[in-house]
Colleague: 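Sharing a structure below in structure tokens format, with a few things to ask.
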2 protein chains.
Amino acid sequence: MPDIQIDKTSVEQQIRYLQDTLYVISGKWKLPILVAVHEGSSRFRDIQRSVNGITSKVLSKELKELEQNKLVVRKVYDKSPPTVEYTTSNYCDTLQKMVAEMIDWGKNHRDKIREK
Amino acid sequence: MPDIQIDKTSVEQQIRYLQDTLYVISGKWKLPILVAVHEGSSRFRDIQRSVNGITSKVLSKELKELEQNKLVVRKVYDKSPPTVEYTTSNYCDTLQKMVAEMIDWGKNHRDKIREK
DNA sequence: ATATCTGGCATCCTTTAGGTAACTGGTATA
DNA sequence: TATACCAGTTACCTAAAGGATGCCAGATAT
């Protein structure tokens, strides 16, 4: 009699995956930046202007992390002066389903908490 | 010609919902606690033993937040000594789809990042 | 009698996220 | 010649999250 296991991934491992995900998109700025870039802001200062209130220091740090996670692509054009362009990657689209679920849940959750 | 809008919710509002969601489940301990309670740990010390490394101070704080968000239910039995029981709510199950998506994405993301 | 368990709380400490402000070197503009 | 733009960087500061340790008061177990 074989051991029937629908999912061999242990609970601990699942929590680790979940926390990886959280790490990638958590924080005050990651999503607003992704949205801004996705909507067309590609230059550093453009993004900074789109994302209200972010400082250049934080933007710089966040963009680096998003790039490491392959959600945004940074291209340097070697003219003079060198210009830099940020775009969202195709991979970034894989976030869509998950993000949609999170928005749904959050929307519903407001009502749930408000209700007596 | 009417304005066709599939979703009237503004991007800013969607980000707010998303960040509500993140707030509810983010942090080092929220998910591990939920899992522990869901799997049957109901007494304070049981949960603390299940969730490796958590201190009573932090556990106490996190349980309060989870209770406020209606994900866990706290029942006090007024015997002597009074005992306290934590359980996950039915509402807690609404997290499932979303959490499953997040686990999937996180799992895939590891491979994505490791790949050259 | 002593130790241990219960559900926490109080105090102090460290780490991390994020904010403030100034600055850089090169280029273009008034 | 002075000013502003670009893509950031540096040093310093604050607030919040989380960790370490010790404690309580009542009850049960040894």
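All chains are named by letter (A, B, ...) in the order of the sequence lines, taking the proteins before the strands, and each is independently numbered beginning at 1. All heavy atoms count here, side chains included; hydrogens, waters and symmetry mates do not. Just so you know, these numbers come straight off a predicted model, no measurement behind them.
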Colleague: NZ of B:Lys28 versus C1' of D:dA16: gap in Å, rounded?
Modeller: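 One finds 15 Å between C1' of D:dA16 and NZ of B:Lys28, rounded.
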Colleague: Any salt bridge linking A:Asp46 with A:Arg49? Criterion: basic side-chain nitrogen under 4.0 Å from a carboxylate oxygen.
Modeller: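 Looking at A:Asp46 and A:Arg49, the cut-off is met.
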Colleague: Starting at atom CD1 of A:Ile54, determine the distance to atom C1' of C:dG19, rounded to an integer number of angstrom.
Modeller: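 So the two atoms are 11 Å apart, to the nearest Å.
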Colleague: Hey, does B:Gly53 reach any base, or is it just sugar-phosphate, or nothing, if we go heavy atoms under 4.0 Å?
Modeller: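 Since no nucleic acid heavy atom lies under 4.0 Å of B:Gly53, the category is nothing.
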Colleague: At under 4.0 Å between heavy atoms, what does A:Ser56 touch on the DNA or RNA strands: base, sugar-phosphate, or nothing?
Modeller: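 Touches a base.
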Colleague: With a 4.0 Å cut-off on N to O distance, would you call A:Lys75 and A:Glu85 a salt bridge?
Modeller: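 Between A:Glu85 and A:Lys75 there is no salt bridge, as every charged N stays at least 4.0 Å from the carboxylate O atoms.
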Colleague: So, is A:Tyr77 close to the D:dA7 phosphate, meaning a side-chain N or O under 4.0 Å from OP1 or OP2?
Modeller: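 No, outside the criterion.
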Colleague: For DNA chain D, whose closest nucleotide is more 5', that of A:Arg49 or that of B:Ser26?
Modeller: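 The residue closer to the strand's 5' end, by nearest nucleotide, is A:Arg49.
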Colleague: What's the closest nucleotide to the side chain of B:Lys57 if the choices are D:dG19, C:dT20, C:dT6?
Modeller: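 For the B:Lys57 side chain, the nearest candidate turns out to be D:dG19.
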Colleague: Nearest to the A:Arg45 side chain among D:dG18, C:dG7, D:dC6, which nucleotide is it?
Modeller: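 Within the option list, the nearest is D:dC6.
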Colleague: Please determine, for the side chain of A:Lys64, which listed nucleotide (C:dG18, D:dA7, D:dT9) has the closest atom?
Modeller: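 It is D:dT9.
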Colleague: Please report the distance, rounded to the nearest Å, between CD in B:Glu85 and P in C:dT6.
Modeller: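 Atom-to-atom, B:Glu85 to C:dT6, this comes out as 13 Å.
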Colleague: Please check if the number of heavy atoms outside A:Asp111 that lie under 6.0 Å from its CG is greater than 12.
Modeller: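 Result for CG/A:Asp111: enclosed.
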Colleague: Rounded to the nearest angstrom, tell me the gap between atom CG in B:Asp78 and atom C1' in C:dT6.
Modeller: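 Taking atom C1' of C:dT6 as the reference, CG of B:Asp78 is at 15 Å.
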Colleague: For D:dA7, does OP1 or OP2 lie under 4.0 Å from any side-chain N or O of A:Arg43?
Modeller: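 Yes.
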Colleague: A:Ile33 has an atom CD1; how far is it from atom P of C:dG18, in whole Å?
Modeller: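 Atom-to-atom, A:Ile33 to C:dG18, this comes out as 10 Å.
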Colleague: Just say parallel, tilted or perpendicular for the rings of B:Phe44 and B:Tyr86, cut-offs at 30° and 60°.
Modeller: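 The arrangement is tilted - the two ring planes meet at 30° to 60°.
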Colleague: OP1 or OP2 of C:dG8 less than 4.0 angstrom from a side-chain nitrogen or oxygen of B:Arg74, does that happen here?
Modeller: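 Affirmative; the distance criterion is met.
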